Amino acid sequence: MIIRLGRNIATQNLVPGQAVYGEDLIKRKGVEYRVWEPRRSKVGATLVKGMKFPLRENHLVLYLGVASGTTASHLSDMLTKGMLFGVDFAPRVLRDFVLLAETRSNLIPVFDTANKPEHYRWVVPQVDFIVQDVAQPNQAQILIKNARMFLKKNGHAFVAVKSRSIDVTAKPGDVFKQFKQEVKASGEFEILEDIRLEPFERDHMALLLRKK
Ligand SMILES: C[S@@+](CC[C@H](N)C(=O)[O-])C[C@H]1O[C@@H](n2cnc3c(N)ncnc32)[C@H](O)[C@@H]1O
(Lines give C-alpha, C1' and ligand atoms only; values in the text may rest on other atoms or scores of the structure.)
Protein backbone atom coordinates (compact mmCIF):
# COMPACT_ATOMS: atom_id res chain seq x y z
CA MET A 1 0.00 0.00 0.00
CA ILE A 2 1.25 3.50 -0.94
CA ILE A 3 0.37 6.63 1.00
CA ARG A 4 1.08 10.28 0.23
CA LEU A 5 2.69 12.43 2.91
CA GLY A 6 2.68 15.98 1.63
CA ARG A 7 5.06 15.89 -1.35
CA ASN A 8 6.48 12.47 -0.37
CA ILE A 9 5.21 8.96 -0.81
CA ALA A 10 5.72 5.90 1.37
CA THR A 11 4.95 2.17 1.29
CA GLN A 12 3.63 0.06 4.14
CA ASN A 13 6.66 -1.82 5.46
CA LEU A 14 6.40 -5.56 4.79
CA VAL A 15 9.15 -6.14 7.36
CA PRO A 16 8.43 -3.75 10.25
CA GLY A 17 11.58 -2.23 11.73
CA GLN A 18 13.60 -2.78 8.53
CA ALA A 19 15.03 0.21 6.62
CA VAL A 20 16.66 -0.94 3.37
CA TYR A 21 18.72 2.04 2.14
CA GLY A 22 18.64 4.52 5.01
CA GLU A 23 15.11 5.76 4.28
CA ASP A 24 12.93 7.11 7.10
CA LEU A 25 10.45 4.83 8.84
CA ILE A 26 7.28 6.56 10.00
CA LYS A 27 4.16 5.42 11.83
CA ARG A 28 0.58 6.41 10.99
CA LYS A 29 -2.26 4.99 13.12
CA GLY A 30 0.01 2.21 14.41
CA VAL A 31 1.14 1.14 10.89
CA GLU A 32 4.77 1.51 9.79
CA TYR A 33 5.65 3.01 6.40
CA ARG A 34 8.97 3.45 4.56
CA VAL A 35 9.48 6.82 2.86
CA TRP A 36 10.17 6.26 -0.85
CA GLU A 37 13.05 8.60 -1.79
CA PRO A 38 12.46 9.98 -5.31
CA ARG A 39 16.15 10.82 -5.70
CA ARG A 40 17.12 7.21 -5.06
CA SER A 41 14.48 5.51 -7.21
CA LYS A 42 13.23 6.34 -10.70
CA VAL A 43 9.90 4.61 -10.05
CA GLY A 44 9.63 6.71 -6.88
CA ALA A 45 10.40 9.88 -8.88
CA THR A 46 7.67 9.12 -11.43
CA LEU A 47 5.13 8.41 -8.70
CA VAL A 48 5.92 11.71 -6.97
CA LYS A 49 5.50 13.39 -10.37
CA GLY A 50 2.06 11.77 -10.75
CA MET A 51 2.64 9.06 -13.34
CA LYS A 52 0.32 6.04 -13.16
CA PHE A 53 1.91 2.79 -12.00
CA PRO A 54 -0.73 0.07 -12.32
CA LEU A 55 0.94 -2.51 -10.04
CA ARG A 56 -1.42 -4.75 -8.05
CA GLU A 57 -0.69 -6.66 -4.87
CA ASN A 58 -0.91 -10.05 -6.61
CA HIS A 59 1.24 -9.24 -9.65
CA LEU A 60 4.22 -11.19 -10.89
CA VAL A 61 7.02 -8.76 -11.77
CA LEU A 62 10.22 -9.11 -13.77
CA TYR A 63 12.74 -6.41 -12.79
CA LEU A 64 15.66 -5.94 -15.20
CA GLY A 65 18.57 -4.14 -13.50
CA VAL A 66 17.39 -4.70 -9.94
CA ALA A 67 20.82 -3.77 -8.44
CA SER A 68 20.80 -3.97 -4.62
CA GLY A 69 17.00 -3.64 -4.54
CA THR A 70 16.37 -0.04 -3.50
CA THR A 71 13.32 0.29 -5.75
CA ALA A 72 12.47 -3.42 -5.61
CA SER A 73 12.14 -3.16 -1.81
CA HIS A 74 9.22 -0.74 -2.22
CA LEU A 75 7.64 -2.96 -4.87
CA SER A 76 8.10 -5.85 -2.42
CA ASP A 77 6.13 -3.83 0.16
CA MET A 78 3.32 -3.50 -2.40
CA LEU A 79 3.38 -7.11 -3.65
CA THR A 80 1.78 -8.67 -0.57
CA LYS A 81 0.36 -11.54 -2.66
CA GLY A 82 2.78 -11.35 -5.58
CA MET A 83 6.38 -12.03 -6.49
CA LEU A 84 9.28 -10.12 -8.03
CA PHE A 85 12.10 -11.72 -10.04
CA GLY A 86 15.10 -9.37 -9.96
CA VAL A 87 17.76 -9.76 -12.69
CA ASP A 88 21.22 -8.19 -12.51
CA PHE A 89 24.62 -9.18 -13.88
CA ALA A 90 26.77 -7.28 -11.34
CA PRO A 91 27.78 -9.63 -8.50
CA ARG A 92 28.52 -6.91 -5.95
CA VAL A 93 25.04 -5.35 -6.04
CA LEU A 94 23.23 -8.64 -6.52
CA ARG A 95 24.86 -9.96 -3.33
CA ASP A 96 23.04 -7.19 -1.41
CA PHE A 97 19.80 -8.08 -3.20
CA VAL A 98 20.24 -11.73 -2.17
CA LEU A 99 20.58 -10.60 1.47
CA LEU A 100 17.43 -8.47 1.07
CA ALA A 101 15.57 -11.42 -0.49
CA GLU A 102 16.42 -13.50 2.58
CA THR A 103 14.26 -11.11 4.60
CA ARG A 104 11.44 -10.80 2.02
CA SER A 105 9.92 -13.97 0.64
CA ASN A 106 8.41 -12.24 -2.43
CA LEU A 107 11.85 -11.40 -3.92
CA ILE A 108 13.73 -13.89 -6.13
CA PRO A 109 17.28 -12.95 -7.27
CA VAL A 110 18.41 -13.93 -10.78
CA PHE A 111 22.13 -13.51 -11.46
CA ASP A 112 22.32 -13.17 -15.23
CA THR A 113 22.39 -10.75 -18.13
CA ALA A 114 19.05 -9.33 -19.25
CA ASN A 115 20.43 -9.63 -22.80
CA LYS A 116 19.83 -13.40 -22.66
CA PRO A 117 16.29 -13.95 -21.34
CA GLU A 118 16.45 -17.56 -22.54
CA HIS A 119 18.96 -18.18 -19.69
CA TYR A 120 16.33 -17.57 -17.01
CA ARG A 121 13.30 -18.93 -18.85
CA TRP A 122 13.27 -21.94 -16.51
CA VAL A 123 12.83 -19.75 -13.41
CA VAL A 124 10.76 -16.72 -14.53
CA PRO A 125 7.05 -17.31 -15.33
CA GLN A 126 4.73 -15.16 -17.50
CA VAL A 127 4.56 -11.81 -15.68
CA ASP A 128 2.08 -8.95 -15.33
CA PHE A 129 4.72 -6.23 -15.13
CA ILE A 130 8.27 -5.58 -16.32
CA VAL A 131 10.39 -2.85 -14.74
CA GLN A 132 13.56 -1.99 -16.64
CA ASP A 133 16.38 0.23 -15.41
CA VAL A 134 19.58 -1.06 -17.04
CA ALA A 135 21.14 2.11 -18.53
CA GLN A 136 22.45 0.33 -21.64
CA PRO A 137 22.73 1.50 -25.28
CA ASN A 138 20.64 -1.48 -26.47
CA GLN A 139 18.04 -1.27 -23.73
CA ALA A 140 15.08 -1.02 -26.13
CA GLN A 141 16.08 -4.37 -27.64
CA ILE A 142 16.62 -5.88 -24.16
CA LEU A 143 13.12 -4.77 -23.20
CA ILE A 144 11.52 -6.10 -26.38
CA LYS A 145 13.20 -9.53 -26.07
CA ASN A 146 12.13 -9.91 -22.44
CA ALA A 147 8.59 -8.71 -23.13
CA ARG A 148 8.21 -11.19 -26.02
CA MET A 149 9.29 -14.02 -23.75
CA PHE A 150 7.66 -13.12 -20.42
CA LEU A 151 5.09 -10.30 -20.51
CA LYS A 152 1.40 -11.23 -20.60
CA LYS A 153 -0.93 -9.59 -23.16
CA ASN A 154 -2.10 -6.24 -21.69
CA GLY A 155 0.73 -6.46 -19.13
CA HIS A 156 2.60 -3.25 -18.34
CA ALA A 157 6.24 -2.19 -18.58
CA PHE A 158 7.90 0.68 -16.78
CA VAL A 159 11.14 1.78 -18.44
CA ALA A 160 13.71 4.31 -17.23
CA VAL A 161 15.85 5.71 -20.04
CA LYS A 162 19.10 7.58 -19.38
CA SER A 163 19.99 9.61 -22.42
CA ARG A 164 23.77 9.56 -21.83
CA SER A 165 23.86 5.76 -21.61
CA ILE A 166 22.43 5.54 -25.12
CA ASP A 167 24.30 8.42 -26.78
CA VAL A 168 26.54 10.85 -24.85
CA THR A 169 26.70 13.38 -27.67
CA ALA A 170 23.06 13.55 -28.82
CA LYS A 171 20.42 15.85 -27.34
CA PRO A 172 18.35 13.99 -24.71
CA GLY A 173 15.11 14.89 -26.52
CA ASP A 174 16.38 13.24 -29.72
CA VAL A 175 17.51 10.11 -27.86
CA PHE A 176 14.08 9.78 -26.19
CA LYS A 177 12.27 10.27 -29.52
CA GLN A 178 14.41 7.57 -31.12
CA PHE A 179 13.81 5.23 -28.16
CA LYS A 180 10.04 5.64 -28.45
CA GLN A 181 10.21 5.00 -32.21
CA GLU A 182 12.16 1.79 -31.63
CA VAL A 183 9.63 0.60 -29.04
CA LYS A 184 6.69 1.42 -31.35
CA ALA A 185 8.37 -0.20 -34.35
CA SER A 186 8.61 -3.49 -32.45
CA GLY A 187 4.81 -3.72 -32.65
CA GLU A 188 4.76 -5.07 -29.09
CA PHE A 189 3.67 -2.03 -27.12
CA GLU A 190 1.30 0.87 -26.83
CA ILE A 191 2.95 3.88 -25.11
CA LEU A 192 0.62 5.03 -22.33
CA GLU A 193 2.71 7.80 -20.75
CA ASP A 194 6.15 9.34 -20.92
CA ILE A 195 7.67 11.87 -18.55
CA ARG A 196 11.03 13.48 -17.86
CA LEU A 197 12.45 12.84 -14.42
CA GLU A 198 13.81 16.31 -13.65
CA PRO A 199 14.35 17.57 -10.95
CA PHE A 200 15.09 14.11 -9.49
CA GLU A 201 17.27 12.76 -12.34
CA ARG A 202 18.88 14.80 -15.11
CA ASP A 203 18.34 13.73 -18.73
CA HIS A 204 16.18 10.75 -17.87
CA MET A 205 12.77 9.75 -19.24
CA ALA A 206 10.32 7.20 -17.87
CA LEU A 207 7.81 5.39 -20.04
CA LEU A 208 4.74 3.38 -19.14
CA LEU A 209 3.92 0.82 -21.83
CA ARG A 210 1.18 -1.77 -22.35
CA LYS A 211 1.78 -4.97 -24.27
CA LYS A 212 -0.56 -5.45 -27.21
C1 LIG B 1 20.77 2.30 -12.42
S2 LIG B 1 21.11 0.73 -11.76
C3 LIG B 1 19.55 0.13 -11.23
C4 LIG B 1 19.01 0.73 -9.92
C5 LIG B 1 17.74 0.04 -9.48
N6 LIG B 1 16.83 -0.08 -10.59
C7 LIG B 1 17.01 0.75 -8.34
O8 LIG B 1 16.28 1.71 -8.60
O9 LIG B 1 17.13 0.30 -7.21
C10 LIG B 1 21.34 -0.23 -13.22
C11 LIG B 1 21.60 -1.71 -12.95
O12 LIG B 1 21.44 -2.42 -14.17
C13 LIG B 1 22.36 -3.47 -14.18
N14 LIG B 1 22.51 -3.91 -15.58
C15 LIG B 1 22.96 -3.15 -16.64
N16 LIG B 1 22.94 -3.89 -17.76
C17 LIG B 1 22.47 -5.12 -17.43
C18 LIG B 1 22.21 -6.30 -18.15
N19 LIG B 1 22.46 -6.38 -19.47
N20 LIG B 1 21.75 -7.37 -17.49
C21 LIG B 1 21.50 -7.31 -16.15
N22 LIG B 1 21.73 -6.21 -15.40
C23 LIG B 1 22.20 -5.12 -16.03
C24 LIG B 1 23.61 -2.89 -13.54
O25 LIG B 1 24.45 -3.90 -13.05
C26 LIG B 1 23.03 -2.01 -12.45
O27 LIG B 1 22.96 -2.69 -11.22
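The first residue in the sequence is number 1, and the count goes up from there. Note that the structure is predicted; figures quoted are calculated from it, not measured. Start at 1 and go down the list; that is how both ligands and their atoms are numbered. Values below: all heavy atoms of this structure, side chains included; hydrogens, waters and symmetry mates excluded.
- Taking every heavy atom of N115 and a limit of under 4.0 angstrom, the matching atoms of ligand 1 come to 19 (N).
- Of the polar atoms of A114, at least one N or O is found under 3.5 Å from an N or O of ligand 1, judged by distance alone.
- Residue-level proximity to ligand 1 for D112 is carried by the backbone, the only part with a heavy atom below 4.0 angstrom.
- Close approach of ligand 1 to Y63 (heavy-atom distance below 4.0 Å) involves ligand atoms 5 (C), 6 (N), 7 (C), 8 (O).
- Ranking the protein heavy atoms by distance from atom 15 (C) of ligand 1 puts V134 O, 3.1 Å first.
- With no hydrogens or angles considered, no side-chain donor-acceptor pair links D128 and N58 at under 3.5 Å.
- When only non-hydrogen protein atoms are considered, atom 19 (N) of ligand 1 lies nearest to T113 OG1, 3.4 Å.
- With ligand atoms numbered from 1 in the order given, ligand 1 contributes 1 (C) to contacts under 4.0 Å with heavy atoms of K42.
- Once rounded to the nearest 0.5 Å, the distance linking CE of M78 with OG of S73 reads 11.5 Å.
- Scanning all protein heavy atoms for the shortest distance to atom 16 (N) of ligand 1 gives Q136 NE2, 2.9 Å.
- The protein heavy atom nearest to atom 22 (N) of ligand 1 is F89 N, 3.3 Å.
- Listed here is the closest heavy atom pair of I144 and S186: CD1-CB, 3.5 Å.
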### Message
I'd like to know whether V66 forms a side chain to side chain contact (heavy atoms under 4.5 Å, CB included) with L94, so could you lay out the CA-CA distance, the side-chain angles of the two residues, the decisive distance to 0.1 Å, and finally the verdict.
### Response
CA-CA 8 Å; V66 74; L94 199 75; 4.0 Å; yes
### Task
Applying side chain to side chain contact (heavy atoms under 4.5 Å, CB included), run through F158 and L55 and close with a yes or a no.
CA-CA 10 Å; F158 168 93; L55 185 77; over 6 Å; no
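- With a 4.0 Å heavy-atom cut-off, ligand 1 is reached by the side chain of V93 but not by its N, CA, C or O.
- Listed by number with element, the atoms of ligand 1 under 4.0 angstrom from any heavy atom of A90 are 25 (O).
- Ring orientation note: the planes of H74 and Y21 are nearly perpendicular, at an angle over 60° on the 30°/60° scale.
- Considering backbone and side-chain atoms alike, R40 places every N or O at 3.5 Å or more from each N or O of ligand 1.
- Of the candidates Y63, F85, F53, F129 forms a ring-ring contact (aromatic ring centres under 6.0 Å, His included) with just one, namely F53.
- Protein heavy atom in closest approach to atom 26 (C) of ligand 1: D88 OD2, 3.5 Å.
- At the top of the distance list for atom 8 (O) of ligand 1, counting protein heavy atoms only, stands T71 OG1, 2.6 Å.
- Applying the side-chain contact (heavy atoms from CB on, under 4.5 Å) criterion to F89, with sequence neighbours excluded, gives T113, Q136.
- A salt bridge between K162 and D133 is absent, with no side-chain N of the basic residue lying under 4.0 Å from a carboxylate O of the acidic one.
- Ring planes of Y120 and F150: parallel class, angle under 30° (limits at 30 and 60°).
- In this structure, the protein non-hydrogen atom closest to atom 4 (C) of ligand 1 is D133 OD2, 3.5 Å.
- Of the candidates G44, P91, A45, G65, G65 brings a heavy atom nearest to atom 5 (C) of ligand 1.
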